[in-house]
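To start, the structure under review is shown below, and the notes come after it.
Numbered from 1 within each chain, the chains take letters A, B, ... in sequence-line order.
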There are 2 protein chains.
Amino acid sequence: MINSPRLEVAVSVEESSRSALIPALQTIAARLRIESVRATSEAGSGHPSSCCSAADIVAALFFGHMRFDPTDPQWEDNDRFILSKGHAAPLLYAVWAEAGFVERSDLLRLRELECDLEGHPTPRLPFVDVATGSLGQGICAAIGLALNARRIGSDYRTYVMVGDGESAEGSVWEAAKVGECFALDNLCGITDVNGLGQSRSTQWGHDVDAYAARWRAFGWHALVVDGHDLQMILDALDEARQTSGRPTMIVARTLKGKGVPLMEGKNGCHGQAIKKGPDLDATLAALESQLVAGTLTPTIPPPPTRIIESASGSVGELPLPDYRLGDIVATREAYGTALAALGRVDPRVVALDADVGNSTFSEKFERVCPDRFYQTHIAEQVMVGAAMGLASRGAIPFPSTFACFLTRASDFVRMAGISGSNIKFAGSHAGVSIGEDGPSQMALEDLAMMRAVPGCAVFYPCDGVSAERIVAAAARHQGMTYIRTSRPKTEVIYAPTEEFDVGGSKVLRESESDVVTVVAAGVTVFEALAAYDHLRSEGISIRVIDAYSVQPVDTETLVSAGLQTGRQLITVEDHYSVGGLGDAVSEAVAHHGITVARLAVCEVPRSGKAAELLERYGISSSHIIAAVHRQVNAGAPTRADGS
Amino acid sequence: MINSPRLEVAVSVEESSRSALIPALQTIAARLRIESVRATSEAGSGHPSSCCSAADIVAALFFGHMRFDPTDPQWEDNDRFILSKGHAAPLLYAVWAEAGFVERSDLLRLRELECDLEGHPTPRLPFVDVATGSLGQGICAAIGLALNARRIGSDYRTYVMVGDGESAEGSVWEAAKVGECFALDNLCGITDVNGLGQSRSTQWGHDVDAYAARWRAFGWHALVVDGHDLQMILDALDEARQTSGRPTMIVARTLKGKGVPLMEGKNGCHGQAIKKGPDLDATLAALESQLVAGTLTPTIPPPPTRIIESASGSVGELPLPDYRLGDIVATREAYGTALAALGRVDPRVVALDADVGNSTFSEKFERVCPDRFYQTHIAEQVMVGAAMGLASRGAIPFPSTFACFLTRASDFVRMAGISGSNIKFAGSHAGVSIGEDGPSQMALEDLAMMRAVPGCAVFYPCDGVSAERIVAAAARHQGMTYIRTSRPKTEVIYAPTEEFDVGGSKVLRESESDVVTVVAAGVTVFEALAAYDHLRSEGISIRVIDAYSVQPVDTETLVSAGLQTGRQLITVEDHYSVGGLGDAVSEAVAHHGITVARLAVCEVPRSGKAAELLERYGISSSHIIAAVHRQVNAGAPTRADGS
């Protein structure tokens with residue numbers, strides 16, 4: 001725990017008088033439009049019309065309402081702003097230039113390779129909490145920011161600007177529901193209803209009441225404003241701040257391209273930069289005429305001073321797993337046990353569930369840390385989106401559900417990867433070993449999905465000890481991790497003191513006469529061990545490796561084993577052959593002349609008993625034995641001789 | 001075109017009188033509960049409590065309202081029923097046994113490996129249009145079924161049973177929006193509000209008005225009923241049928257486990273089969289007491305007879321692509337051109353868009369076939385879900401969006417794979433070559449996602465000719481396909497008559513002195529060709545292969561090339577290294593002693609110009625040249641000698 005008292009913000013708190021405020025905001029809004037237009041014209045691409053519809057709202061929010069330290073965008077008590085309609089990025093950059101944080105000259109470097117002012121916002125910029133640009137995600141992250149304020153006891157408020165087009169995304173309504181269920185009155189959305197999407201009118205056009213009715217039906221306080229009437233916007237924001245017990249959605253009627261004669265209210269201008277030359281000159285002249293002479297930029301009030309006790313530093317140590325060799329426990333249950341222990345030792349740890357906590361065993365965490373357990377009900381997108389928001393503010397979120405249902409949030413996982421989110425995903429019920437529930441409940445592509453996130457550490461424990469130790473390793477690791485757990489109970493094969501970390505593996509069986517190495521993970525470790533026993537009775541020795549770290553894999557151990565066992569590896573995994581253990585191992589040993597034979601699920605499976613399915617889909621001990629026999633009978637593989 | 005007149009259904013159309021109907025339905029509902037309980041007890045797993053809440057509704061629907069031929073569940077004019085809450089599968093199987101299609105004795109084989117009555121419904125059963133079990137998807141598929149009725153000019157109605165828990169999924173509200181926008185008055189949902197989820201109360205418990213208010217806000221006709229009052233249910237279904245201009249949602253208040261004393265209204269009974277023995281005996285006795293003596297099963301009325309002109313057979317031939325060698329065209333634009341041509345020649349072809357038709361060029365299809373172009377706005381889940389429904393009824397759907405946003409529907413793609421859906425996905429703007437828009441808009445994991453669907457044919461054309469020919473190949477292919485297109489314009493390198501099909505490749509450069517083979521696809525084909533030219537000037541020959549079929553890859557050509565070029569392959573792809581071209585090629589040549597070096601994107605990219613990004617992320621011609629130099633300098637790779 002670090003006790004870091006609030007530093008005094010080095011800006012004056014002198015407030016512009018109310019009457020002077022509106023002209024000042026008008027000037028700021030005009031400047032935001034000018035900068036947005038100019039930057040996109042310079043870049044030759046971008047979305048100026050989407051910036052212009054929202055410029056008045058953003059000006060009012062940043063310079064007439066929000067409380068934050070513009071010199072320190074990451075300050076813990078700052079009001080937060082998420083631009084869910086991320087394509088209006090130039091507007092965001094312009095307002096931070098207006099606030100003094102971004103160099104105004106940098107605005108013209110928009111979208112350049114060496115400039116962090118990217119086409120859509122990413123957290124490479126300190127004032128961006130989560131990457132946006134895949135629509136409907138920012139509002140889910142905003143849920144996480146609002147939950148985080150409660151977690152840390154801060155009064156900061158969260159604002160999120162939502163596009164009308166993106167309101168067609170179901171994730172927006174998942175966020176609506178969760179915002180209602182948690183009564184997040186520290187959250188305020190503003191929907192920029194400019195009526196025009198990329199290719200045509202949006203679903204409800206300029207029918208602002210259609211938007212308001214939906215938000216009201218979802219339990220939010222909703223009010224309709226003219227999104228170009230600064231006083232109305234300010235009044236609505238005040239009303240939102242005074243609304244308790246529920247979040248507020250301000251539905252703002254706007255014009256796309258507002259203030260730009262070439263674009264205002266016209267279809268077909270989405271994602272069109274204005275060409276430099278006469279078009280740009282005329283546009284800038286029109287916008288400059290909207291500047292009000294003699295106005296001063298209002299001072300942004302800092303957040304209230306308070307003593308902050310925030311956790312930081314390394315994650316607390318967990319007690320050793322309480323199993324003996326030979327005990328029987330499901331890795332998903334051990335996951336829950338460790339998660340609860342982690343919750344006890346570190347207040348940053350939070351868990352999110354989509355109504356399967358009694359299957360994933362995150363319910364164990366709920367029992368000990370109910371205030372940090374967030375139930376989204378069956379809504380995986382907002383579960384992951386909220387985790388992104390929480391992670392961006394220093395929480396260590398563990399969202400979990402059935403591994404197959406994490407695919408529901410695949411685009412969120414992708415964006416969390418772009419955000420560099422420190423999220424610890426867990427997916428239970430992996431593979432055909434779940435048995436009778438059938439293919440819809442079997443994750444067979446989750447390893448591919450998670451491995452595709454650059455830098456994501458992917459774990460697949462086989463027993464209770466490794467599962468618990470891996471939960472601790474995941475919490476320690478800075479960056480995204482994924483823990484894949486299994487439904488069936490399995491035997492504990494590791495001593496409680498055994499260590500597991502990113503990039504490791506365990507050689508479970510080895511001798512100098514091993515003819516081949518079998519690389520397994522999770523449930524297939526036990527199939528490999530059974531195959532070992534059987535083959536030994538035939539006088540055949542194999543090496544068995546538990547590749548519990550599927551990404552990164554333990555290249556050194558794999559290469560070494562491969563070279564020592566006839567340059568033959570057999571991978572066996574309860575996953576499709578694409579993107580899983582087999583691919584990971586193959587890539588790792590690619591330059592060492594080692595042949596990798598893969599046993600994996602190769603067709604859509606069906607319901608049945610777990611053991612039957614492992615057999616049917618080719619990943620049981622008998623298939624491993626057969627694969628080893630093939631290698632032994634074939635002798636050295638077709639390598640140098642091309643046969 | 002085949003003219004197949006309606007066959008007379010071999011059932012009587014004699015109707016039970018209204019007064020006799022209710023007791024008959026009571027008896028059926030009791031039998032449905034009995035069968036659901038008995039089957040799950042026999043299986044030792046399943047969700048009887050979820051069946052019992054919905055039994056009255058299903059009895060009323062199937063035997064008091066719907067029109068279908070129970071001997072031919074696939075008949076084109078049958079009313080359709082989707083069980084979106086797929087875990088109530090035993091109820092579905094029981095009602096089809098009641099209708100005479102399923103052998104009653106088979107019900108007790110629920111969840112057995114060799115029985116098609118799986119844990120959750122799959123289209124292995126003729127009365128299941130799409131696999132359900134991943135919640136919130138069935139109602140999206142129902143949108144597709146309802147759209148299909150319009151496409152074929154049928155009066156059939158579509159019914160979908162939605163769980164209250166699954167109503168938390170955003171996809172449900174995407175479906176709500178699309179149902180409203182298309183004014184689908186041939187669609188009727190029933191929400192089974194039993195108030196209990198898996199681990200706790202659902203988000204709105206038994207507040208049926210909360211559900212109805214949301215559906216009304218989303219433009220549906222909504223009415224509330226007691227889900228155990230058969231007359232109320234029948235009246236509501238009649239009202240739905242008479243409602244025009246909008247879909248209807250019947251919000252039914254029910255009790256989970258209704259009729260089973262051990263479970264009725266109790267939390268903690270989700271997914272619990274009743275143990276055989278005294279518990280089961282008492283339960284069956286209680287349910288049997290609900291049977292009404294002397295009732296007869298009502299006759300199900302067949303759909304009205306009509307002349308059906310449905311398309312079938314092979315897809316019509318397309319004209320040859322209209323490009324000359326050296327023309328410049330983006331593959332995404334060629335995709336649109338071919339799609340429009342396909343729409344002209346085959347009425348089964350439909351296209352779906354999520355408001356990016358002017359980027360993917362599906363707008364070309366819209367211009368020629370506006371009635372078969374379905375705009376879902378920015379809602380990718382319902383776009384894919386509706387495609388599943390359409391495909392299940394014989395349409396050939398081409399849903400398209402930016403490739404990265406297909407990940408938004410990843411779980412739908414997964415379930416479409418389980419359904420064996422004949423969907424032709426297209427994703428544009430693949431990879432870093434999109435340039436300045438930045439990582440949120442770059443698909444770098446789409447190949448992994450689509451390759452993970454067993455049997456999905458994955459194409460990645462590099463020029464206009466191959467793109468057009470591949471659209472035709474995809475349409476011809478029976479089963480799921482994916483076409484990955486690019487944003488930049490590229491040179492046409494193939495003659496219009498060149499043929500492209502599943503599993504093919506093109507050897508673009510070859511000689512007897514090739515030292516290595518470079519395998520490229522899409523934009524990297526041009527990088528490989530540039531590298532070829534450069535290396536040739538240095539006196540180094542390389543083979544260049546366009547692996548336009550990424551799944552299946554052309555194993556024979558790859559192996560042959562590898563063996564002829566020093567057992568060295570270099571793959572280069574505008575995709576992360578996980579699950580893409582490199583993995584596919586590696587697996588294909590794994591047993592031939594060929595080393596595969598991979599060039600792929602290995603970190604989260606940023607905004608910049610396309611050429612800069614190809615260079616920065618290691619997939620440009622200069623990186624290919626460097627990789628070739630490494631091979632040449634190293635001589636034969638570290639293979640047999642282990643060095």
Side-chain angles (χ1 to χ4, degrees), chain A residues 45 111 113 118-120 131 133-135 165-166 168-171 173-174 177 181 197-199 203 213-214 217 355-358 377-379 381 407-408 410-411 414 418 436-440 445 448 451-452 454 563 576 578-579 583 586 590 593 596 603-604 606-608 612 638-640 642, chain B residues 45 111 113 118-120 131 133-135 165-166 168-171 173-174 177 181 197-199 203 213-214 217 355-358 377-379 381 407-408 410-411 414 418 436-440 445 448 451-452 454 563 576 578-579 583 586 590 593 596 603-604 606-608 612 638-640 642:
Chain A
S45 64
R111 296 175 161 238
L113 181 56
E118 297 192 72
H120 293 76
S134 181
L135 293 170
E166 73 175 312
E169 288 285 9
S171 57
W173 303 101
E174 294 184 14
K177 180 192 62 61
C181 289
Q198 172 173 325
S199 70
Q203 59 277 2
R214 283 163 177 80
D355 192 25
V356 289
N358 52 351
H377 300 280
I378 308 175
Q381 295 186 86
T407 64
R408 195 59 158 266
S410 174
D411 193 30
R414 182 177 77 86
I418 292 171
E436 293 87 344
D437 270 344
S440 65
E445 54 287 285
R451 286 186 62 242
L563 295 179
Y576 287 139
V578 172
D583 278 353
S586 295
V596 180
E603 62 184 296
V604 173
R606 45 195 303 152
S607 291
E612 291 173 340
T638 55
R639 270 197 325 273
Chain B
S45 64
R111 295 172 162 243
L113 181 56
E118 297 192 72
H120 294 76
S134 181
L135 293 171
E166 74 174 309
E169 287 285 11
S171 58
W173 303 100
E174 294 185 14
K177 180 191 60 61
C181 289
Q198 173 173 323
S199 70
Q203 58 278 3
R214 284 164 177 80
D355 191 25
V356 288
N358 51 349
H377 301 279
I378 308 175
Q381 296 186 86
T407 64
R408 196 58 158 266
S410 173
D411 193 29
R414 182 178 76 88
I418 292 171
E436 293 87 345
D437 270 344
S440 64
E445 53 288 284
R451 286 186 62 242
L563 295 179
Y576 287 141
V578 172
D583 279 353
S586 295
V596 180
E603 62 183 296
V604 173
R606 46 193 304 151
S607 293
E612 291 173 339
T638 54
R639 268 200 325 274

Of all of [options], which one pairs up most often with chain B through heavy atoms under 4.5 Å apart?
{"options": "A/S410, A/S171, A/G438, A/S586", "value": "A/S410"}
{"options": "A/A213, A/G579, A/A452, A/A379", "value": "A/A452"}
{"options": "A/G165, A/S607, A/G170", "value": "A/S607"}
{"options": "A/D583, A/N358, A/D355, A/I418", "value": "A/D355"}
{"options": "A/A448, A/G357, A/A217", "value": "A/A217"}
{"options": "A/L135, A/V604, A/D411", "value": "A/D411"}

Please report the shortest heavy-atom distance between [X] and [Y], naming the atom on each side.
{"X": "B/E612", "Y": "A/L113", "value": "OE1-CB, 3.5 Å"}
{"X": "A/G119", "Y": "A/R111", "value": "CA-NE, 3.7 Å"}
{"X": "A/R414", "Y": "B/P439", "value": "NH1-O, 3.5 Å"}
{"X": "B/A168", "Y": "B/Q203", "value": "N-NE2, 3.4 Å"}

Quick one: what part of [X] sits under 4.5 Å from any heavy atom of chain B, side chain, backbone, both or neither?
{"X": "A/V596", "value": "backbone"}
{"X": "A/A590", "value": "both"}
{"X": "A/E603", "value": "backbone"}
{"X": "A/Q381", "value": "side chain"}

If you count heavy-atom pairs within less than 4.5 Å of chain A, which of B/S45, B/S199, B/G608 leads? B/S199
What option among B/K177, B/E436, B/R606, B/R451 has the most heavy-atom pairs under 4.5 Å with chain A? B/R606
Test item: [X] and [Y] side chains (from C-beta on) under 4.5 Å apart, heavy atoms:
{"X": "A/E445", "Y": "A/V578", "result": "no"}
{"X": "A/I378", "Y": "B/Q198", "result": "no"}
{"X": "B/W173", "Y": "A/R214", "result": "no"}

Is it the backbone or the side chain of B/S134 that comes under 4.5 Å from a heavy atom of chain A, or both, or neither? both
Go through the atoms of B/R408 and report whether side chain, backbone, both or neither lie under 4.5 Å from a heavy atom of chain A. both
Do the side chain of B/E174 and the main chain of A/E169 share a donor and acceptor less than 3.5 angstrom apart? no
